[in-house]
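Just so you know, ligand 1 is whichever comes first in the structure, and atom 1 is the first atom listed for that ligand. For the numbers below, each heavy atom of this structure counts, side chains included, while hydrogens, waters and symmetry mates do not.
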Amino acid sequence: SFSVGIVGATGAVGKEIRQCLEKREFPVSQLRIFGSERSAGKTMPTEKYGDIEVELFDVAKARECDVVFLAVSGDFALEHAEAICKGDDGAVVIDNSSAFRYKPEIPLVVPEINGKETKKSKLIANPNCTTAIGLMAIWPLIQKFGCKRVIMSTYQAASGAGQPGMDELQDGTRVYLEGGTPENSIFAYPLPFNVIPQIDKFQENGYTKEEMKVTWETRKICGLADDFPVSCSAVRIPTIRAHSEVIIMETEKPVDIKEAQKVLDEAPGVKLVDNPDELAYPMPITATGQYDVEVGRLRKSLVFGDYGIEFFVSGDQLLRGAALNAVLVGEEMVS
Ligand code: HSE
């Protein structure tokens with residue numbers, strides 16, 4: 001079994017990584033939690049490993065671990081990740097930030113798709129939540145029907161901005177319902193009873209960085225061409241922690257919806273929820289807290305005819321979108 005470290009375990013993603021490690025029975029001999037001066041010395045209660053004292057992060061201590069999960073900012077990861085894993089005695093590092101995702105030499109991994117890549121590097125990048133959730137359905141359909149292009153529209157929960165995002169939504173909703181004006185510092189505008197068609201910074205091409213992440217990461221993880229057409233519109237909505245996505249794929253082969261349902265039903269990490277007669281379809285309320293991404297509303301595309309499929313997914317942003325994927329990568333790396 002392995003000595004495992006988490007950097008940023010007090011944040012929303014770090015907390016879920018710790019819980020996934022406990023629930024999934026990752027072979028942990030010792031769990032170490034590293035934090036900033038603010039949290040060092042505090043005690044973190046865990047179900048399986050008792051109370052753990054948060055240690056002040058330093059590279060030498062992190063290198064003593066076999067596996068280190070980074071659930072911190074991209075700047076922190078850029079500064080320390082390579083130093084933690086350098087050399088034969090360095091740790092294996094799984095980074096949840098976007099710092100290394102687009103570097104050609106660093107694997108970007110969704111274990112069900114390109115898990116083998118974990119053997120190529122001691123530093124692995126964990127994808128953006130929106131990409132990881134969407135690909136659980138897109139990948140099995142690409143394998144079955146081929147794909148010419150993908151168009152995605154997202155409905156993203158407050159948790160994408162971490163615990164402060166969830167707090168801002170919940171506190172703001174309370175203020176709004178009591179007749180006040182919600183404040184906002186995390187989101188560009190108040191999120192309660194609103195939708196915001198901007199996540200992350202605008203790029204020169206008019207897309208936001210969140211939207212471009214879906215394009216870049218889908219290509220890299222699925223091994224598609226550098227100019228493979230993937231287009232995303234990313235929108236923040238006032239749900240707590242499950243992202244939803246409308247996905248439209250133009251396929252190379254004609255789509256049979258029954259076959260598509262079967263492929264998805266058998267795909268790892270997917271829960272098919274697709275029965276219009278019983279009003280069964282994916283929703284954040286049912287996807288929250290679940291490892292599997294819900295997929296439903298499958299239908300042939302009126303735009304692409306037989307050569308297209310449209311569907312809806314909901315997945316827990318903190319689990320498949322972040323912590324669960326990271327822990328699955330870790331399992332793959334130590335297997
Ligand atoms: N960028 C995502 C969001 C979270 O804001 O919803 C990233 O994993």
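Residue Gln317 approaches ligand 1 through these ligand atoms, each under 4.0 Å from one of its heavy atoms: 4 (C), 8 (O). Each of the atoms 5 (O) of ligand 1 lies under 4.0 Å from some heavy atom of Ile199.
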Open item on the list: For Asp95 and Ser97: C-alpha separation, side-chain torsions, deciding distance, then whether side chain to side chain donor-acceptor pair (under 3.5 Å) applies.
Closed with: CA-CA 6 Å; Asp95 177 36; Ser97 81; 2.7 Å; yes
Open item on the list: Is there a ring-ring contact (aromatic ring centres under 6.0 Å, His included) between Phe57 and Phe76? Walk through the geometry before answering.
Closed with: CA-CA 11 Å; Phe57 172 82; Phe76 185 101; 4.9 Å; yes
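Annotation for Lys116: atom NZ does not count as buried by contact number, only 12 or fewer foreign heavy atoms lying within 6.0 Å. The environment of CZ in Arg297 is sparse: at most 12 heavy-atom neighbours from other residues, nucleotides or ligands sit within 6.0 Å.
The nearest protein atom to atom 8 (O) of ligand 1, hydrogens excluded, is given as Cys129 SG, 3.0 Å; this is a heavy-atom distance. Looking at atom 1 (N) of ligand 1, its nearest protein heavy atom turns out to be Glu210 OE1, 2.7 Å. The protein heavy atom nearest to atom 5 (O) of ligand 1 is Arg236 NH2, 2.7 Å.
For a threshold of 3.5 Å applied to N or O pairs, the pair formed by Gln156 and ligand 1 contains at least one separation below that value. Between Asn128 and ligand 1, a contact under 3.5 Å exists for at least one N or O pair.
Salt-bridge formation is not detected for the pair Lys262/Asp265: no Lys NZ or Arg NE/NH1/NH2 atom is positioned less than 4.0 Å from an Asp or Glu carboxylate oxygen.
Contact annotation for Thr130 and ligand 1: no heavy atom of the residue comes within less than 4.0 Å of the ligand.
A side-chain N or O of Glu210 and one of Gln156 form a donor-acceptor pair less than 3.5 Å apart.
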